[in-house]
Amino acid sequence: MRTLIKGGTVLSSTGAVAADVLVDGETIAAVTAPGMFTEADTVLDATGKYVLPGGIDAHTHMEMPFGGTFSADTFETGTRAAAFGGTTTIIDFAVQAKGTSLLSTLDKWHEKADGDCAIDYGFHMIVSDVNDATLKEMESCVDAGVSSFKMFMAYPGVFYSTDGEILRAMRKATETGSTIMMHAENGIAIDQLVAQALAEGRGEPVQHGYTRPPELEGEATSRAITLAKVTGAPLYIVHLSAAQALAAVAGARNEGQNVFAETCPQYLYLSIEDLAKPDFEGAKYVASPPLREKSHQTDLWRGLRTNDLSVVSTDHCPFCFKDQKELGRGDFSKIPNGMPGVEHRMDLLHQGVVAGEISLARWVETCSTTPARMFGLYPRKGVLAPGSDADIVVYDPKAEQTISAATHHMAVDYSAYEGMRITGAVSTVLSRGRVVVDGGEYHGSAGHGRFLSRDLCQYLN
């Protein structure tokens, strides 16, 4: 089957050009001057619209166990919602439990995702139990197409790793060329602040933010950077939220260290004021790191422009307000950590274009091209070029929409952006040449998405 997308403005990480895109089967056959091709099995008119590579959300948590419950989206519902929002690839996290092996964990996550995904997917590996066997298995994971390993300086007793354990894993990453992803918050200090708040009777959701101050994100980020410098390991800071952490990343990058960072839409648009909403509404906004004072948003947008923040992911980890978030009524430390967002990342970052915060090229770069290069998927993903997978989004920059739980497709009972009016909307989405969303209607199917075996990061010095 050949599909011709004609009349649109093709966007890339380097700019915009009037061009047509010809798809043959699952891959792109040609990107040509307008009018060079006129016939195909399917012709899509993109006049007045952008044509861009499908989004890559490099940080999602489908069906993730946390605090005695699971994130609300399955691989089926979560990837369908992602497709509606113009994301055609996710990279999810396989979660090693203490006392288990990395490879058995990877097998378990393959079982969860296989046959259920609407779009293509890959895995990172969460390493929570550092020992000789785990370190050896890191090599096998790389061979199996999982080339990035997430560790935690937070959550003592669950995911937390000591500096010594981090050092050992980083040395293995240096040997294998793989990347260490870091949740950088000082969990030991945070636990003390949480215990103090609860002892003083401060149990409301906003205390989640007060007990995880930005200084402790900055400290942990600096410490992770130092450990990476000692070992020579590539380091990727996940869900960076605070100006202090960004300053540490910028300093390391200025010195030429292989340090990268992502931020998330919630840190660009929401703030601790949302955490402070009355009647337990603030629980909807509990995630870690927490939402910050609005002043941090200016620094984060600047970081996106300067490339000190290289990627925008979502950390999509949705828990329903009813029955899940409510587990923490009276004790904010029991509120499941996570927010929904996989469906709205592309739209929210396009709002940054509308507001003049970033360019169209930077929109494509942070949401698609850079994550493809960062996590070993380029040029199969992240670009519209002959031979690349035909993951394509036709986007109407003038359409208007209102974000609401009443209309979103994520399996969660609230929206973190309820009532937000935005300019721009997805018109059509192709995944490997197949139209999966068109005109607000779903044409995809569970099982269309394939597992992606990833190469190493393409940005290493």
Side-chain angles (χ1 to χ4, degrees), residues 5 8 10-13 16 21 28 49-60 62 73 78-92 117-122 262-266 268 304 309-316 340-353 358-375 377-385 388-397 399 401 403 408-410 417 422 424-438 442 444 448-450 452 454:
I5 305 172
V10 172
L11 304 183
S12 71
S13 61
V21 180
I28 295 171
K49 298 174 182 176
Y50 300 141
V51 182
L52 61 147
I56 300 171
D57 192 341
H59 190 150
T60 67
M62 309 300 178
D73 267 315
T79 56
R80 184 170 64 236
F84 271 101
T87 288
T88 55
T89 299
I90 64 165
I91 311 180
D92 207 85
C117 293
I119 57 174
D120 290 352
Y121 61 96
E262 69 179 16
T263 192
C264 307
Q266 55 266 36
L268 297 169
L304 286 175
L309 291 172
S310 301
V311 171
V312 177
S313 301
T314 60
D315 191 14
H316 176 77
V342 74
E343 188 168 349
H344 301 303
R345 180 181 64 116
M346 299 293 285
D347 286 330
L348 290 168
L349 264 291
H350 181 257
Q351 285 305 109
V353 176
I358 56 173
S359 66
L360 281 172
R362 192 68 181 140
W363 177 42
V364 174
E365 194 169 28
T366 57
C367 289
S368 183
T369 308
T370 296
R373 288 179 166 142
M374 189 72 67
F375 296 110
L377 292 172
Y378 187 90
R380 179 177 177 183
K381 307 290 187 183
V383 64
L384 301 184
S388 298
D389 283 356
D391 293 351
I392 304 171
V393 176
V394 180
Y395 195 87
D396 185 347
Q401 58 174 313
I403 299 178
H408 74 204
H409 302 86
M410 298 175 288
Y417 308 95
I422 58 175
V426 169
S427 294
T428 306
V429 179
L430 286 75
S431 170
R432 298 196 330 273
R434 176 181 176 178
V435 173
V436 292
V437 174
D438 184 55
Y442 182 60
H448 166 77
R450 294 176 183 164
L452 300 168
R454 299 185 292 108

Problem set entry | Contacts of type salt bridge (charged side-chain N to carboxylate O under 4.0 Å, His left out), residue Asp315, not counting sequence neighbours | none
Between [X] (side chain) and [Y] (backbone), is there a donor-acceptor pair under 3.5 Å?
{"X": "Trp363", "Y": "Met346", "value": "yes"}
{"X": "Asp120", "Y": "Leu452", "value": "no"}
{"X": "Gln401", "Y": "Ile422", "value": "no"}
{"X": "Arg80", "Y": "His409", "value": "no"}
{"X": "Arg454", "Y": "Phe375", "value": "yes"}

Tell me the closest heavy-atom pair linking [X] and [Y], and the distance in Å.
{"X": "Gly433", "Y": "Leu430", "result": "O-CD2, 3.8 Å"}
{"X": "Val353", "Y": "Ser359", "result": "CG2-O, 3.7 Å"}
{"X": "Val436", "Y": "Ser431", "result": "CG1-CB, 4.0 Å"}
{"X": "Ile56", "Y": "Ser368", "result": "CD1-O, 3.4 Å"}
{"X": "Val426", "Y": "Asp347", "result": "N-OD1, 4.3 Å"}
{"X": "Met374", "Y": "Ser310", "result": "CE-CB, 4.0 Å"}

So, taking the atom named [atom1] in [X] and the one named [atom2] in [Y], what distance separates them when rounded to the nearest 0.5 Å?
{"X": "Leu384", "Y": "Ile392", "atom1": "CG", "atom2": "CD1", "result": "5.5 Å"}
{"X": "Thr369", "Y": "Leu377", "atom1": "OG1", "atom2": "CG", "result": "12.0 Å"}
{"X": "Arg380", "Y": "Asp391", "atom1": "CZ", "atom2": "CG", "result": "8.5 Å"}
{"X": "Cys117", "Y": "Ile90", "atom1": "SG", "atom2": "CD1", "result": "5.5 Å"}
{"X": "Leu360", "Y": "Leu11", "atom1": "CG", "atom2": "CG", "result": "5.5 Å"}
{"X": "His59", "Y": "Thr263", "atom1": "NE2", "atom2": "OG1", "result": "11.5 Å"}

For this session: Evaluate the side chain to side chain donor-acceptor pair (under 3.5 Å) criterion for residues His316 and Asp73: first the C-alpha distance (whole Å), next the side-chain angles of each, then the deciding distance (0.1 Å), finally the verdict.
Result: CA-CA 9 Å; His316 176 77; Asp73 267 315; 2.8 Å; yes
Exercise. Looking at Tyr378, does the NZ or CZ of Arg373 lie under 6.0 angstrom from its six-membered ring centre and within 45 degrees of the ring axis?
Worked result: yes
Problem set entry | Leu52 vs Tyr395 side-chain heavy atoms within contact, under 4.5 Å | yes
Exercise. Would you say the side chain of Pro265 lies within less than 4.5 Å of the side chain of Val312, judging by non-hydrogen atoms?
Worked result: yes
Problem set entry | Positive for side chain to side chain contact (heavy atoms under 4.5 Å, CB included) with Leu268, one of Leu348, Leu349, Leu309 | Leu349
Seminar exercise, completed: Between Asp389 and the options Lys381, Arg450, Arg432, the side chain to side chain donor-acceptor pair (under 3.5 Å) test singles out Lys381
For this session: Go through the side-chain N and O atoms of Asp396 and Ser427 and say whether any donor and acceptor fall under 3.5 Å apart.
Result: no
For this session: If the plane angle is over 60° it's perpendicular, under 30° parallel, otherwise tilted; pick one for His344 and Tyr417.
Result: perpendicular
